[in-house]
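First up is the structure itself, then whatever we jot down about it.
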Amino acid sequence: MTVFANYANYYDLLYRDKDYKAEANFIDELIQNHDPDTKSILELGCGTAIHAAILAELGYEVYGVDLSAEMLEKAKQRVSTLNPKVAAKLKFSQGDIRNVRVDQKFDTVISLFHVFSYQTTNQDLQAAFATAKAHLNPGGLLIFDTWYGPAVLSQRPAVRVKRLEDEKIQVTRIADPVMYPNENLVDVNYQVFIRDKASGSVDEVQETHKMRYLFKQEIDLIAQEMGLECKASGEWLTNKEAGFDTWGVYFVFRG
């Protein structure tokens, strides 16, 4: 997942159209439905901390972990712009979600934006679950979202082009996927062109994000091995029943 080292430089711009507030509110709704006494959250794969900052504004203490030092630097820059009372609720450290251990237990562990789909082997996925379990208070929640296998196989990933800009740069990203059906994996090959508006110079970055699409039964099996009980699942943000057209599915487990 070191691909995010380069990605951090233009990550927030590429996902400027992502409704982080709605997603954080959805997480808050799930928490209130399943464990309304939650006060502390561990976020595995916190990125630049947009979700974490909104959850802190909602009153949660949030500890964010990310593998990318560049992402965490941007997260800390974000915190410096927040209301001091909100900023005081946020803490970050660098680590791999497969083996990181912090000296603290939490009421809820979350992992958003398909971070679990970056765990491409069975061992990686089991390790991520183990990390979550190791940090949960008794009866705590694990909430994550993932690429959903039935939709990936039914609709298939396609070439996509995304263009965005701000006052400084223009970014064009081409995503060219390659599927590996026997491994349940997709290589998302990104070619990114970043044009500096002031100088007119163009940089090109090529990255491959290897993603795993998951199925409910395999998730349930690994979770059961970890002593986690599935309490809910459904389409991300809508809460509809997952189906062949549902690319993003959330899961809620109780420890």
Side-chain angles (χ1 to χ4, degrees), residues 1-12 14-15 23 27 40-53 55 60-79 90-137 140-147 180 183-190 205-214 218-219 221-223 225-228 248 250-251 253 255:
M1 287 189 290
T2 53
V3 289
F4 285 104
N6 289 327
Y7 220 51
N9 293 324
Y10 47 87
Y11 181 91
D12 286 341
L14 278 171
Y15 294 105
E23 294 184 357
I27 291 295
S40 60
I41 295 174
L42 172 65
E43 183 175 9
L44 299 175
C46 65
T48 63
I50 301 179
H51 286 122
L55 288 167
Y60 298 102
E61 303 274 346
V62 184
Y63 191 122
V65 173
D66 204 278
L67 182 60
S68 168
E70 291 83 2
M71 289 283 200
L72 289 174
E73 181 58 35
K74 291 187 177 295
K76 292 172 183 176
Q77 291 172 10
R78 184 182 313 284
V79 171
L90 292 161
K91 184 177 179 180
F92 304 97
S93 66
Q94 187 175 4
D96 188 321
I97 76 166
R98 295 169 296 182
N99 53 40
V100 67
R101 296 293 185 270
V102 300
D103 188 21
Q104 189 176 342
K105 298 279 189 176
F106 301 85
D107 299 321
T108 293
V109 175
I110 65 174
S111 191
L112 308 180
F113 210 177
H114 311 143
V115 167
F116 267 49
S117 282
Y118 280 89
Q119 314 313 308
T120 55
T121 69
N122 290 336
Q123 292 77 16
D124 290 343
L125 195 57
Q126 289 169 322
F129 269 98
T131 293
K133 180 66 183 293
H135 291 95
L136 278 179
N137 285 322
L141 301 179
L142 166 62
I143 303 173
F144 65 90
D145 65 326
T146 184
W147 274 22
Y180 300 92
E183 288 79 33
N184 292 1
L185 296 177
V186 180
D187 277 349
V188 184
N189 298 300
Y190 287 121
V205 177
Q206 295 189 23
E207 299 176 338
T208 297
H209 291 214
K210 190 177 292 292
M211 306 290 292
R212 177 173 179 172
Y213 48 93
L214 295 165
E218 66 178 323
I219 291 173
L221 180 62
I222 295 175
E225 291 174 348
M226 297 293 167
L228 298 166
Y250 79 85
F251 291 87
F253 288 93

List for me each residue that meets side-chain hydrogen bond (donor to acceptor under 3.5 Å, both in side chains) alongside Y213, sequence neighbours excluded, and say none if there are none.
none

Can you check whether M211 reaches Y118 side chain to side chain, under 4.5 Å on heavy atoms?
yes

Under 3.5 Å, is there a donor-acceptor pair between the side chain of H135 and the main chain of V102?
yes

Go through the structure and list residues passing salt bridge (charged side-chain N to carboxylate O under 4.0 Å, His left out) with E218, not counting sequence neighbours.
R212

Any residue meeting ring-ring contact (aromatic ring centres under 6.0 Å, His included) with Y250, in chain and number order, not counting sequence neighbours:
F26

For the pair D107 (side chain) and G140 (backbone), establish whether a donor and an acceptor sit closer than 3.5 Å, ignoring hydrogens and angles.
no

Can you see whether Y180 has K210 sitting over its ring - NZ or CZ less than 6.0 Å from the centre and within 45° of the normal?
yes

Judged by atom type as modelled, is there a donor-acceptor pair below 3.5 Å linking the side chain of T146 to the main-chain atoms of L214?
no

Evaluate the side-chain contact (heavy atoms from CB on, under 4.5 Å) criterion for residues C46 and Y63: first the C-alpha distance (whole Å), next the side-chain angles of each, then the deciding distance (0.1 Å), finally the verdict.
CA-CA 9 Å; C46 65; Y63 191 122; over 6 Å; no

Take Y60 and T108, measure what side-chain contact (heavy atoms from CB on, under 4.5 Å) needs, and give me the verdict at the end.
CA-CA 10 Å; Y60 298 102; T108 293; over 6 Å; no

Would you find a donor on one side and an acceptor on the other, under 3.5 Å apart, between the side chain of D66 and the backbone of Q94?
no

N189 backbone acceptor or donor facing D187 side chain under 3.5 Å
no

What I'd like to find out is whether the side chain of Q126 reaches to under 4.5 Å of the side chain of M226, using heavy atoms alone.
yes

In terms of the angle between their ring planes, are F116 and F144 parallel, tilted or perpendicular, with boundaries placed at 30° and 60°?
parallel

4.5 Å side-chain heavy-atom contact, L142 and S111:
no

Do T120 and E183 pass the side-chain contact (heavy atoms from CB on, under 4.5 Å) test, and can you show the C-alpha distance, the side-chain angles, and the key distance before you say yes or no?
CA-CA 9 Å; T120 55; E183 288 79 33; over 6 Å; no

Run through K74, Q77, R78 and flag the one making a side chain to side chain donor-acceptor pair (under 3.5 Å) with T48.
R78

Is the shortest heavy-atom distance from the side chain of V65 to the side chain of T131 under 4.5 Å?
no

Any heavy-atom pair between the side chains of F253 and I219 that's under 4.5 Å?
yes

